[in-house]
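A quick write-up on the structure given underneath.
The chains referred to below are lettered A, B, ... by the order of the sequence lines, with proteins before strands, and numbering in each begins at 1.
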Number of protein chains: 2
Amino acid sequence: MDQPNRVDSLFIHMFLILFFICLIFVNYIFTFKRQILLIEDGKGKICLIFWKISQIGLAKKLSVKKISLLDISEKLKISKSTISIVLNGRGDEKRVSKETQEKIVKYANEHNYRPNQLARGLSRGKSETIGLIVPNISDTFYSRIARRIERKARLSGYTVVYSSTGESRTRENELIQMMLDRQVDGLIIASTQKNQEDVVRLKNQQFPFVLIDRHYPDVETNFVVVDNAGGTSKAVEQLIKLGKKHIGFVTLKPGLEAIRQRLIGYEETLKKYGLYEGMKNVKELDPDHLDCEMMEAIKSLVQSTHKVDGIVFATHYLTTQGLRELRKLSVKIPHEIAIVSFGQMSFFDLIEPPITSVNQPVEEIGDKAVEILLDNLVEKKLTYDQQYLKTKLEIRKSCGKN
Amino acid sequence: MDQPNRVDSLFIHMFLILFFICLIFVNYIFTFKRQILLIEDGKGKICLIFWKISQIGLAKKLSVKKISLLDISEKLKISKSTISIVLNGRGDEKRVSKETQEKIVKYANEHNYRPNQLARGLSRGKSETIGLIVPNISDTFYSRIARRIERKARLSGYTVVYSSTGESRTRENELIQMMLDRQVDGLIIASTQKNQEDVVRLKNQQFPFVLIDRHYPDVETNFVVVDNAGGTSKAVEQLIKLGKKHIGFVTLKPGLEAIRQRLIGYEETLKKYGLYEGMKNVKELDPDHLDCEMMEAIKSLVQSTHKVDGIVFATHYLTTQGLRELRKLSVKIPHEIAIVSFGQMSFFDLIEPPITSVNQPVEEIGDKAVEILLDNLVEKKLTYDQQYLKTKLEIRKSCGKN
DNA sequence: TTAACATGCCTAACCGGTTTGGCTATTTTG
DNA sequence: CAAAATAGCCAAACCGGTTAGGCATGTTAA
């Protein structure tokens, strides 16, 4: 009875020791969060490696599982490539059997598989994203365009990333760079027009982009702008039609091509009717000191000895600011002075008097821009698409309609 | 003289043959656009492989070179990892010599190296992007918030991706999904409030997000909203202060918590002053048939036997539409009926009479939302940040100020 | 009967970064 | 003078997809 007992106890001892070794081992793995890998070191030796599980892997376990191609691959014992092909709808083309396809699609749906767009973008070399850069997204004009662009882009599976430059050249440069870093496939830019250099660079690099609202006359690019000269021309003609003889123009300091064109439209039309009186009726304001300069401008137009009887404002913002000043001076609109705004605002009909405006085809600008851009994304074009869209005069009481 | 000649010609022949072989070889490479690889096949044999150059690689050659870590690595004979570390500013920490660091930084700057954000996002598991979902970006209220959010986010190195839902539950769901697919790090949502399910899912998955403007009272989340009840309360009190006894409320059909709160503020305040007349003075309109219902609502408030002498509009849009109807009926504001708008618009001072409004702290909403979100991105919080921001009454003539 | 073709799936490179865990040589310490 | 510490860098796995090319196996045509 002695011998067997001793053997038994020896077994128990060994068993216990093994058990503890296992415990320590498992503990080690859990404590340091490592996974075990068997690896051949190249010289024929096999190594045991305790690989650290990445933190990302852990975070995912906490949240409800986001599954990846690899996960599906492991569960279904089907290679990643086959799964990728099937889920991209190229299963038939690549001769994957119906059975396998069904199995994959079923599993993917059940587990709510969603491809990681970063990974996809990285490997496909494109991100299905287009960048939109505007001076100020909180300006209704641009936000309406943005909305339109977003809607249209979505129909083709694109996402829009946007940013506002605040009319700063540096910001615009930074933003373009940032968007390129994010691998956007194309850009739609309402440029500050102080940044010809970047635009030329984009063009030289054959990067797809479309300028909207503002374009660089010296650079041949795609663009969608409105017929600015034609717009102010309509405005001036309307005032002339009402019998106004001395028509003022309140605009911004030159810098934007659009603004220049609006001035040209004003001048040419007045000349055509023999009513041009030189630059004395033209007030070019600095956007940075708008309030103060507007006051002076309006006073000068309204109270000088050669006072005007009509004013065209070059932007919707100038119109509202100008209107505030006109109110302060108790000018009677349209009897003393009739006004027309280049650019509409939704509330122009609510003001007393309702404001006549040259309306820009906002929706069309957005639509065209996206169309042109998408065309360019599909194939590199050798020609440039340049659109001048027509404006539409909406006549209200501020220029004499009853 | 014979022998040497034969040897010479033999050399020349061999040389020519070799030369042609090389030519064919080079030609092959160029024609099929392959690059050559030496590869060990695992069984110890070395294989020569003609690897097809990927199309992406070719496209890059066409455009001005975008350089990658690998490019730098090859030129400088320094490993990718070292370069990555140095360019991320962790060179000192990781004990990379000053020399090497300088060399890398110099090269990177000279060649204008820019890391691919998709690749970085993929490997870091975050994209430095936040998603913004609003009902309608072309609504000034949201576009102003968007601008603010964008600015604030940029200061912390984040980009904003935005989209509009158009108040559609399905769209909202799709957009959230899309943004998750794009691996946004967090979301800011002005929800349609028909989508509690998704919000709960996000919450359960511990995904960082902040609701703005509209929150779900039944779900505990981060949010930034305004004190809606307090807002209408101020509006009603102002009307009462003017001696108005019968105050109407034009609002939207229930659905949004914010709208419900505004109604509560209206009711409670009237009750407090003993002026509550029940729901007959409350008009709840359907946004889908706003024009037509607004007409009826205004007629009913203005022309019935118990007509009101003051109206509070629950949103800025209702105010402008209501105003149009009031104009049609030639109602005198504020003498016959005084009005107050919940929500301001930039042009309210331009209208005749200028509109009194309950102003929402738009900038603050954006700022707070970003602050809270960024906090949550840095560390998972266990508590929720819930902000009720104060509104401010801006009194103008429409409710009796001179 | 054998070559040619079709079927069905897999292997491994690749996109462009980040990060961990060494490895080697030099310097410091005992 | 050996051991330990430090400096300085690298190799390779990894993120999660896409894609070209290839390899069995079965079928058909010559």
Side-chain angles (χ1 to χ4, degrees), chain A residues 32 34-35 37 39 41-42 47 49-57 59-60 66-73 76-88 90-101 104 113-127 181 183, chain B residues 32-35 37 39 41-42 49-57 59-60 66-73 76-88 90-101 104 113-127 181 183:
Chain A
F32 296 102
R34 273 139 195 276
Q35 65 189 18
L37 281 184
I39 283 203
D41 69 356
C47 307
I49 295 191
F50 300 96
W51 197 257
K52 205 165 193 177
I53 297 175
S54 73
Q55 290 171 313
I56 296 155
K60 271 192 191 155
K66 264 196 190 177
I67 69 168
S68 70
L69 273 192
L70 193 62
D71 297 331
I72 305 186
S73 167
L76 258 41
K77 311 281 184 207
I78 296 176
S79 77
K80 278 204 303 176
S81 51
T82 306
I83 297 168
S84 169
I85 282 167
V86 170
L87 293 181
N88 280 306
R90 303 194 302 143
D92 290 333
E93 176 195 333
K94 288 285 183 174
R95 307 184 316 246
V96 177
S97 69
K98 289 283 171 225
E99 267 180 279
T100 313
Q101 291 204 38
I104 292 172
Y113 168 75
R114 304 234 105 221
N116 179 326
Q117 298 294 334
L118 293 187
R120 174 177 279 184
L122 181 58
S123 66
R124 289 225 262 233
K126 56 182 177 178
S127 60
D181 292 350
Q183 314 298 115
Chain B
F32 296 101
K33 299 188 178 61
R34 275 140 194 275
Q35 65 189 19
L37 281 182
I39 283 202
D41 68 355
I49 294 189
F50 299 96
W51 198 256
K52 206 166 192 176
I53 296 174
S54 73
Q55 292 171 311
I56 296 155
K60 270 192 193 156
K66 266 196 187 178
I67 69 170
S68 71
L69 272 193
L70 192 63
D71 297 330
I72 304 186
S73 167
L76 257 41
K77 310 282 182 205
I78 297 176
S79 78
K80 278 205 303 177
S81 48
T82 306
I83 296 168
S84 170
I85 282 166
V86 170
L87 294 181
N88 280 306
R90 303 194 301 142
D92 290 333
E93 176 195 332
K94 289 283 182 174
R95 306 183 318 245
V96 177
S97 68
K98 289 285 171 221
E99 268 179 280
T100 313
Q101 291 204 37
I104 292 172
Y113 168 75
R114 305 232 105 222
N116 179 327
Q117 297 294 335
L118 293 187
R120 173 177 281 183
L122 181 58
S123 65
R124 289 225 262 233
K126 55 182 178 178
S127 59
D181 292 350
Q183 314 297 115

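As judged by a 4.0 angstrom heavy-atom cut-off over every strand, K98(A) is placed among residues making no nucleic acid contact. Among the protein residues, L69(B) comes within range of the nucleic acid bases, having at least one heavy atom under 4.0 Å from a base atom. Looking at heavy-atom distances under 4.0 Å, S97(B) makes contact with sugar-phosphate atoms alone, never a base. Note on R95(A): a base of the nucleic acid sits closer than 4.0 angstrom, heavy atoms only. Counting non-hydrogen atoms under 4.0 angstrom, K77(A) reaches the backbone sugars and phosphates but no base. Heavy atoms of L118(A) sit nowhere under 4.0 angstrom from any nucleic acid atom.
Considering only side-chain atoms of S123(B), the nucleotide from dG17(D), dT18(C), dT19(D) that sits closest is dT18(C).
The distance from atom CZ of R124(A) to atom C1' of dC14(C) is 15 Å, rounded to the nearest whole Å. Atom CG in L87(B) sits about 11 Å away from atom C1' in dG17(C), given to the nearest Å. Rounded to whole Å, atom P of dG17(C) lies 12 Å from atom CG of L122(B). One can place NZ of K126(B) at 14 Å from C1' of dG17(C), the figure rounded to the nearest angstrom. Rounded to whole angstrom, the span from the CG atom of L76(B) across to the P atom of dC9(D) amounts to 11 Å. Counting to the nearest Å, the C1' atom of dA20(D) and the CD1 atom of I85(A) are 10 Å from each other. Whole-Å rounding puts the R120(B) CZ to dG17(D) P distance at 21 Å. In this entry the distance linking CD1 of I67(B) with C1' of dC15(C) reads 16 Å, nearest Å.
OP1 or OP2 of dT11(C) has not a single side-chain nitrogen or oxygen of S81(A) nearer than 4.0 Å. An OP1 or OP2 oxygen of dC15(D) is reached within less than 4.0 angstrom by no side-chain nitrogen or oxygen of N116(A). Considering only side-chain N and O atoms, S84(A) lies nowhere under 4.0 angstrom from the phosphate OP1 or OP2 of dG17(D). For dT19(D), one of the phosphate oxygens OP1 or OP2 lies less than 4.0 angstrom from a side-chain nitrogen or oxygen of R90(A).
Between D92(B) and K98(B) there is a side-chain heavy-atom pair separated by less than 4.5 Å. With contacts defined as side-chain heavy-atom distances shorter than 4.5 Å, the pair V86(A)/T100(A) does not qualify.
Note: R120(B) CZ to L118(A) CG = 13.0 Å, rounded to the nearest 0.5 Å.
Both K94(A) and L70(A) sit near DNA chain D, but only L70(A) has its closest nucleotide nearer the 5' end.
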Side chain to side chain contact (heavy atoms under 4.5 Å, CB included), that's the test. Do N116(B) and S68(B) meet it? Break it down for me. CA-CA 8 Å; N116(B) 179 327; S68(B) 71; over 6 Å; no
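For a distance-only test at 3.5 Å, the side chain of K80(B) qualifies as a donor-acceptor partner of the base of dG17(C).
Annotation for L69(A) and S84(A): closest pair CD1-CB, 3.8 Å, computed over non-hydrogen atoms.
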